[in-house]
Trainee: 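One structure follows; several queries about it will come next.
Worth saying up front: this structure is predicted, and the values here are computed from it rather than measured. In this chain, numbering begins with 1 at the start of the sequence shown. Excluded from the calculations below are hydrogen atoms, water molecules and symmetry mates; all remaining heavy atoms, backbone and side chain alike, are included.
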Amino acid sequence: MLYPMKYVVENLNITAKTLRFYEEQGLLQGVSRDEIGRRVYNEQLVDWISFIRCLRETGMPLSKIKEYKELYEQGNSTFLYRAEMLKQHKLEVQKKIDESIKNLEKINYKIAMYELQKEEVTKNPNHNFKCHRMESKIVK
C-alpha cells in the first residue's frame, strides 16, 4: 500500500519539510511519486520514518541515524554493531529519563510546599514563605 505525504505528516507528526529534508540527506530512499508527481510512501518507508522520529525525539543526532542506516544497508555483517548502537542509545535515553524524574520530584516538592503554605499566605500576605532552604518574604 502507498501512503500520500499528507497521511505521513498527519499520522507521524512530522512536517512535509522534514520529510523532504530527510530525503535530501539520503535517509529516505525509494520515495515514489504518484501520477501527478506527489510523493508517496510504502509501508516500509512509513515504518522507517516512524523509527527515525523515535530516534530523533530521544536525542539521537542525524549523523548517528545515517550511520545506522548505512550499516543496515550493509546487511547482517553489521547486525551486532547496530544492536550495540541501539543499546548505547537506550542507556543515554534512560539516563535522561532518570534525570527528568529527579527534576520532576523537585518540582513536585516545591508544589507541595506551596500547597502546604497556601492557606497561611492567603490569610497573611506578610507570611514568610519557606520552601527547600529558600526563604522569600511575600510582599504585597
Trainee: Please report the interatomic distance CG(Leu27) to OH(Tyr68), rounded to the nearest 0.5 Å.
Mentor: 12.5 Å
Trainee: Looking only at atom types and distance, does a side-chain atom of Ser50 sit under 3.5 Å from a main-chain N or O of Val46, one as donor and one as acceptor?
Mentor: no
Trainee: If every non-hydrogen atom of Lys64 is compared with every non-hydrogen atom of Met85, which pair is closest and at what distance?
Mentor: O-CE, 3.5 Å
Trainee: Tell me whether the count of non-hydrogen atoms from other residues, nucleotides or ligands lying under 6.0 Å of CD in Glu73 goes above 12.
Mentor: yes
Trainee: To the nearest 0.5 angstrom, please state how far the CD1 atom of Ile49 sits from the OH atom of Tyr22.
Mentor: 9.5 Å
Trainee: Roughly how far, to the nearest 0.5 Å, is the CD atom of Glu105 from the OG atom of Ser100?
Mentor: 11.0 Å
Trainee: For Met5 versus Ala16, what's the shortest heavy-atom pair and its separation?
Mentor: SD-CB, 3.3 Å
Trainee: Within a strict 4.5 Å, meaning less than it, do heavy atoms of the Thr78 and Tyr72 side chains meet?
Mentor: no
Trainee: Ion pair present between Lys118 and Glu115, side-chain N to carboxylate O less than 4.0 angstrom?
Mentor: yes
Trainee: Does Gln74 form a side chain to side chain donor-acceptor pair (under 3.5 Å) with Tyr81? I'd like the steps, not just the answer.
Mentor: CA-CA 11 Å; Gln74 292 174 27; Tyr81 187 75; over 6 Å; no
Trainee: Any donor and acceptor pair, going by atom type alone, linking the side chain of Arg53 with main-chain N or O of Asn13 inside 3.5 Å?
Mentor: yes
Trainee: NZ of Lys106 to CG of Asn103: how many Å apart, nearest 0.5 Å?
Mentor: 5.5 Å
Trainee: Do other residues, nucleotides or ligands put more than 12 heavy atoms under 6.0 Å from the CG atom of Asn76?
Mentor: no
Trainee: Give, for atom NZ of Lys66 and atom CE of Met60, the distance between the pair rounded to the nearest 0.5 Å.
Mentor: 14.0 Å
Trainee: Hey, mind stepping through Gln88 and Glu84 against side chain to side chain donor-acceptor pair (under 3.5 Å) and telling me if it holds?
Mentor: CA-CA 6 Å; Gln88 287 302 312; Glu84 188 58 34; 3.0 Å; yes
Trainee: Does Lys102 reach the main-chain N or O of Ile97 with its side chain, forming a donor-acceptor pair under 3.5 Å?
Mentor: no
Trainee: Looking at Thr18, is its backbone amide N or carbonyl O close enough to the side chain of Thr15 to form a donor-acceptor pair, meaning the two atoms are under 3.5 Å apart?
Mentor: yes
Trainee: Show the nearest heavy-atom pair for residues Val9 and Leu19, with the distance to one decimal.
Mentor: CG2-CD1, 3.9 Å
Trainee: Is Lys96 salt-bridged to Glu99, going by a charged N under 4.0 Å from an acidic O?
Mentor: no
Trainee: Rounded to the nearest 0.5 Å, how far does SG of Cys54 lie from NE2 of His89?
Mentor: 6.5 Å
Trainee: Parallel, tilted or perpendicular: which describes the rings of Trp48 and Phe51, with under 30° parallel and over 60° perpendicular?
Mentor: tilted
Trainee: Give me the atom names and distance for the closest heavy-atom approach of Leu28 to Glu23.
Mentor: O-CG, 3.6 Å
